[in-house]
Amino acid sequence: MASSSTTSTAVSLLCSATSSSRFPFSTTLPAKSSSTLYFRANSLPATHAASSSSSVFVFNFTGKDEILGRRGLVFTLTATLPLLLPFSESMEAFTAKAVEPDTSIYEVMKEEIRKVVSKGKAAGVLRFVFHDAGTFQLDDNSGGMNGSVIYELDRPENKGLKTPFKILEIAKTEVDAVQPVSWADMIAVAGAEAVSVCGGPTIPVALGRLDSKEPDPEGKLPEETLDAYGLKQSFRAKGLSTQELVALSGAHTLGNKGFGSPTVFDNSYFKVLLEESVSSGSMSSMTGLPSDRALPKDDECLRWIKKYADNENSFFEDFQNAYIKLVNSGARWKSL
């Protein structure tokens with residue numbers, strides 16, 4: 001949600017006011033130029049299977065000549081054990097370097113993100129995620145997690161998002177030097193890390209999203225002035241249930257909106273909703289957004305609010321699942 005505040009920690013998160021080889025093991029390389037090579041010390045004949053993007057080769061150390069590859073390349077493998085061992089070790093070293101960008105890029109992303117995303121900046125980064133993914137529309141499969149938010153920073157509903165953009169741009173530059181990644185992937189991972197750094201659940205994020213080359217249509221984010229019915233309808237149009245609406249709204253526990261510590265991801269959001277709306281009968285206008293204050297007035301939403309206020313682990317589990325669904329919504333994926 002977007003907010004009119006210029007301070008990222010004091011805004012709504014969900015709504016808008018607006019080719020390698022290896023002995024003796026197998027290793028898979030990046031899909032675009034990969035060859036997976038298996039080396040076996042048995043007497044199976046050499047075989048070759050290929051697709052448009054990868055090849056699988058099996059080498060047989062029998063001391064015989066074997067024909068291999070698309071052009072019938074002949075390899076003569078007559079190595080004895082004393083010669084084989086040092087060659088194996090050198091190939092091990094080569095493999096480790098060759099596959100590192102592909103197998104560890106996720107860890108590189110998380111490491112670089114943590115260098116720039118402090119607890120105080122987490123709310124703004126998480127809001128950045130919601131404003132990219134929140135444009136998704138189920139009926140025509142448009143919008144969603146596609147990195148288009150970087151073209152939409154001057155829109156009123158995205159006021160304040162230039163700061164998290166600049167923060168993540170620093171991290172992305174470092175990651176791209178190792179292996180280029182999409183903005184959509186970078187933003188999705190950054191939001192998960194923002195939650196984790198503040199004490200929330202560890203959320204695994206799949207990689208491979210493609211970036212949009214243009215902004216998404218305007219007016220696709222749910223407005224912060226919607227009542228509970230309007231919010232439920234808006235989220236349903238994005239393929240999200242009432243339970244997921246309430247769980248994702250719990251992200252507002254971060255930031256200066258009156259829900260516990262602004263830098264701790266916990267279930268304080270739901271406890272405060274209950275204390276102020278149920279116990280006292282109304283909520284202070286200084287607490288949360290209109291959309292937050294609308295949720296306890298709906299019986300279906302209230303049921304989930306009570307559950308999460310009583311059980312933080314349930315909130316963490318449901319938030320994790322809803323977050324993964326959100327950042328996969330509308331995503332276009334690289335071909336495998």
Check: Met145 main-chain N/O paired with Asp132 side-chain donor or acceptor under 3.5 Å: no

Is a side-chain donor or acceptor of Asn146 paired with a backbone partner of Ala184 at a separation under 3.5 angstrom? no

Flag the pair Asp154 and Lys162 as a salt bridge only when some basic side-chain nitrogen lies within less than 4.0 angstrom of an acidic carboxylate oxygen. yes

Val195 and Pro201: which non-hydrogen atoms are nearest, and at how many Å? CG1-CD, 3.6 Å

Do the non-hydrogen side-chain atoms of Lys213 and Ser148 ever get within less than 4.5 Å of each other? no

Any donor-acceptor pair under 3.5 Å from Arg209 side chain to Val327 backbone: yes

Do you reckon Tyr106 sits in the same ILVMFWY cluster as Val125, going by side-chain contacts under 4.5 Å, direct or chained? yes

To the closest 0.5 Å, what do you measure between CG (Asn311) and CD (Glu317)? 9.0 Å

Derivation of the salt bridge (Lys or Arg N to Asp or Glu O under 4.0 Å) call for Lys115 and Glu112: CA-CA 5 Å; Lys115 289 179 181 178; Glu112 294 301 328; 3.1 Å; yes

Can you tell me how the ring of Phe265 sits relative to the ring of Phe316, calling it parallel under 30°, perpendicular over 60° and tilted otherwise? tilted

Euclidean distance, Asp227 CG relative to Gln233 CD, rounded to 0.5 Å: 10.0 Å

Less than 4.5 Å apart, any side-chain heavy atom of Val129 and any of Tyr323? yes

Closest heavy-atom contact between Ala122 and Val117? CA-CG1, 4.2 Å

Between Val116 and Val178, is there shared hydrophobic-cluster membership here, with clusters defined by ILVMFWY side-chain heavy atoms closer than 4.5 Å? yes

I'd like to know if Tyr229 and Leu231 are part of one continuous hydrophobic network [Ile/Leu/Val/Met/Phe/Trp/Tyr, side-chain heavy atoms within less than 4.5 Å]. no

Ignoring hydrogens and geometry, is there a side-chain-to-backbone donor-acceptor pair from Glu152 to Asp216 under 3.5 Å? yes

Can you tell me if Tyr269 uses its side chain to pair, donor with acceptor, with the backbone of Ile305 under 3.5 Å? no

Tell me whether Glu107 is salt-bridged to Lys110, with the criterion being a basic N under 4.0 Å from an acidic carboxylate O. yes

Which value, rounded to the nearest 0.5 Å, describes the distance between Leu289 atom CG and Thr225 atom OG1? 10.5 Å

Salt bridge (Lys or Arg N to Asp or Glu O under 4.0 Å) evaluation trace for Lys232 with Asp298: CA-CA 10 Å; Lys232 290 161 68 173; Asp298 179 85; 3.2 Å; yes

Could you check whether any side-chain N or O of Glu312 sits under 3.5 Å from a backbone N or O of Asn267, counting only pairs where one atom can act as donor and the other as acceptor? yes

Is there side-chain contact between Lys271 and Asp310, with at least one heavy-atom pair below 4.5 Å? no

If we ignore hydrogens and angles and just use 3.5 Å, is the side chain of Arg293 paired with the main-chain N or O of Ser291 as donor and acceptor? no

Hey, are the side chains of Ser142 and Phe136 touching, using non-hydrogen atoms and a 4.5 Å cut-off? no

Stepwise, does the side chain to side chain donor-acceptor pair (under 3.5 Å) test hold for Thr287 with Glu276? CA-CA 9 Å; Thr287 303; Glu276 292 201 14; 3.2 Å; yes

Would you compute the distance between atom CD of Gln320 and atom OG1 of Thr202 and round it to the nearest 0.5 angstrom? 8.0 Å

Flag side-chain contact, heavy atom, 4.5 Å: Phe270 against Val246: yes

Does the Lys172 side chain pair with the main chain of Val181, one donor and one acceptor, at a distance under 3.5 Å? yes

Verdict with reasoning, Thr253 to Asp266, per side-chain contact (heavy atoms from CB on, under 4.5 Å): CA-CA 7 Å; Thr253 194; Asp266 56 17; 3.2 Å; yes

Return the CG to NZ distance between Leu254 and Lys121, rounded to the nearest 0.5 Å. 15.5 Å

Correct closest heavy-atom pair for Pro262 and Asn256 would be CB-OD1, 3.2 Å

Checking side chain to side chain donor-acceptor pair (under 3.5 Å) for the pair Arg114/Ser196: CA distance, chi angles, key distance, verdict? CA-CA 10 Å; Arg114 292 218 171 206; Ser196 179; 2.7 Å; yes

Quick check on side-chain contact (heavy atoms from CB on, under 4.5 Å): which of Leu161, Leu126, Leu153 does His131 satisfy it with? Leu161

Do Pro217 and Thr135 make a side-chain contact, defined as non-hydrogen atoms from C-beta onward lying under 4.5 Å apart? no

Aromatic ring pairing Phe165/Phe128, orientation class (parallel under 30°, perpendicular over 60°, tilted between): tilted

Leu274 and Ala309: which non-hydrogen atoms are nearest, and at how many Å? CD1-CB, 3.5 Å

Sidechain-backbone polar pair: Asn328 side chain, Ile324 backbone, donor-acceptor under 3.5 Å: yes

Does atom NZ (Lys307) have a neighbourhood of more than 12 heavy atoms from anything else shown, all under 6.0 Å? yes

Pick one: which of Lys325, Arg236, Lys238 meets side-chain hydrogen bond (donor to acceptor under 3.5 Å, both in side chains) with Glu244? Lys325

Indicate yes or no for a side-chain donor-acceptor contact from Ser234 to the backbone of Gly230 under 3.5 Å, with no hydrogens or angles considered. no

Below 30° counts as parallel, above 60° as perpendicular, anything between as tilted: where do the rings of Tyr308 and Phe315 land? tilted

Is the shortest side-chain heavy-atom distance between Leu210 and Ser182 below 4.5 Å? no

With a 4.5 Å heavy-atom cut-off, do Leu245 and Trp304 have their side chains touching? no

Closest non-hydrogen contact found for Met186 with Leu168 is CE-O, 4.4 Å

With ring centroids as reference points, do Tyr151 and Trp183 lie under 6.0 angstrom apart? no

